[in-house]
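A short write-up of the structure that comes next.
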Amino acid sequence: MENSQEQILSEVTGSEYKYGFTTDIETELIPAGLNEDIIRMISARKNEPEFMLEFRLKAYRHWKTMEMPRWAHLNIPPIDFQQIIYYAAPKSRPNPKSLDEVDPELLRTFEKLGIPLEEQKQLAGVAVDVVMDSVSVKTTFKETLAELGVIFCSMSEAIREHPDLVKKYLGSVVPYTDNFFASLNSAVFSDGSFCYIPKGVRCPMELSTYFRINAANTGQFERTLIVAEDDSYVSYLEGCTAPMRDEHQLHAAVVEIVALDNAEVKYSTVQNWYPGDKHGQGGIYNFVTKRGICKGDNSKISWTQVETGSAITWKYPSCILKGDNSVGEFYSVAVTNNFQQADTGTKMIHIGKNTRSTIISKGISAGYGQNSYRGLVKVTKNAAGVRNFTQCDSLLLGDKCGAHTFPYLEVENDTAIIEHEATTSKISEDQIFYCNQRGLDNETAVGLIVNGYAREVLNKLPMEFAVEAQKLLQISLEGSVG
Amino acid sequence: MLVIKDLHIAIDGKEIIKGINLEVNAGEIHAIMGPNGSGKSTLASALAGREIFEITKGTVTFKGENLLEMSPEDRARKGLFLGFQYPVEIPGVSMVNFMKTAINEQRKFKGLEPLSASDFLKLMREKQELVGLHAKLTNRSVNEGFSGGEKKRNEIFQMAMLSPDLAILDETDSGLDIDALKVVANGVNKLRTKNNATIVITHYQRLLDYIVPDYVHVLYKGKIVKSSGKELALVLEEKGYDWIKDETE
């Protein structure tokens, strides 16, 4: 009985990564390794103002004093930071004015990924910024957005065109001293997306960034900054893929969100970096710092993530709830199959009065995958009337994978109401047989059951992304049932 | 429709069904009755293809094909339906989504296009009415939070949706009050045609007050020890299973 269940699970969760192609495109690289000259070189290539170079150098000098964090429930092989290439850019005109100027090979790449840069997105009403290796390739819809005063552009462009905004907010949520990977990112980040929603504006379309690592031996360090002024709203989507390569590649991004009075920011991620092969060879190391601050009263930041990719994921999208009555949300589905490892969760820091947070985390482990939830709920002394609800579920497919939960609670104000619920379950053979008896094969059955399990989170994604995420969940577990 | 010859079924090496012969033709309703532990549910699950049950001997043909070689999903797609004694819950999967997937898998198998959303919803409404399943239940997750009676009614609803050639109802009456029993029986009667067949597995005679079988078989210690017309059920009701036991031992 156990055997047949095992077999079903392993069959369903063993398929291949579908985005593993590479693009043959001329790439401009700088030498591997990291030192102050390299940082100056990156800054110079991007024609950055002096303040940025200073920011980078300070970060680099601080980073040199730090060590890689070891507290996560992850087995991380040593990383040689001098072997990594910190800047790679597809050779093409730096600022394409129209799609005709974009390298056709690049356009084909994004077509293969299902990211049409043209009409289709226009119909769907999504503005896209595309970051290939280290630089932003193309941002769509800029003019339409500009009419409303919304700024949506690459980080490089923001540094050049809107230096005051960047200077004011960059590093304000994740300081360059924050942690090992955030410091590294601050020193070497090459591009990313910048998004500014002016006061009172409801951004009429989803803003979306697709990240793609293409070049070999390179790291990707993108930096995203979202600022939502008073009474504004924006929904932001992020997708990521990478080619299949035998070596591990480092991805260390930083995302900062600032929400002012009554502002709301929804940030959704479908992370599908190359997870490595069935034997744990290759795959992306995904060490990401994402943090938002609800700076204004009644503001809201909502993180939704579907994490199916990467060999190792180390990621805790967090909310600092500073404004009174502000709301933080974290909805997560994390899948680890084969030899993937994930240590992911959130931090909800309650500082303002009557602040509320919700955490829904759904871990799915298959193969030899190890999945850890790590979450902190902190209530500071003056934060009266705080409410938190945490639900943390684990689903195990097979008996060689693992699920772990590390909840931390620091409550300094006794008016707080904190709830934590946790469950661990398996897909039962009864459930699979029930589906079989209605004409569903094992793969369809497991896909359906897993999607049902994750539904609460998937429902939070914008429609278009939800469909993609559902398929992705099914694909990333193919061959794991058996 | 279904021809069972000298069927032996074991679980963990222990023989439960010890040589059964049974022929079910289109248009017929058969009742299989028997005391607890006689092997009724084993027979039902094994026919549906549950792997833990090992067929040690015998043959089963379904619509002229070797049933035992088919995967459980292919048996279902070819028109064999099992109404479960204990329907399982699938959290987060709505009945609508579940049924849509099931119907379209069946259609794909038959080389048909998926049902359009509007046709599907029309079918849902029609069948909901037929079996008296409250519409709100189909918006919920599969069997999640359903009462015992609702779960059974939901099985009949799924049967109505999939319109199988052969339905095996495994103790569908257990745990039902008399009103629910009537609704379930009513559903079965309405779905009956001259082209399909039903095997009703039950411990009690009372279901057979509402579903009138053409044949009644008594299963005892892994064998069919008596087969007769519907009047056999009444004898069992009156005399209990001891009468059979006395007669066979």
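Please read all numbers here as calculations on a predicted model, not as lab measurements. Note that these values count all heavy atoms, side chains included, but never hydrogens, waters or copies made by symmetry.
Within the 4.5 Å cutoff, the side chain of Arg50(B) has heavy atoms near those of the Glu429(A) side chain. Between Tyr453(A) and Val93(B), the closest side-chain pair of non-hydrogen atoms is not below 4.5 Å.
Heavy-atom neighbours of chain A within the stretch residues 152-164 of chain B, taken at a separation under 4.5 angstrom, comprise Glu155(B), Gln158(B), Leu162(B). Along residues 94-125 of chain B, the residues that come nearer than 4.5 angstrom to chain A, judged on non-hydrogen atoms, are Ser94(B), Asn97(B), Phe98(B), Thr101(B), Ala102(B), Glu105(B) in order of number. Scanning residues 72-91 of chain B against chain A with a 4.5 Å heavy-atom cutoff picks out Pro72(B), Glu73(B), Ala76(B), Arg77(B), Leu80(B), Phe81(B), Leu82(B), Phe84(B), Pro87(B), Val88(B), Glu89(B), Ile90(B), Pro91(B), ordered by number.
To the nearest 0.5 Å, atoms OG (Ser71(B)) and CG (Asp441(A)) are separated by 8.5 Å.
Residues in residues 359-374 of chain A take part in these salt bridge (Lys or Arg N to Asp or Glu O under 4.0 Å) pairs, two or more places apart or across chains: Asp343(A)-Arg374(A), Lys362(A)-Asp393(A), Lys362(A)-Glu456(A).
Residue Asn139(B) places its CG atom among more than 12 non-hydrogen atoms of other residues, nucleotides or ligands, all under 6.0 Å distant.
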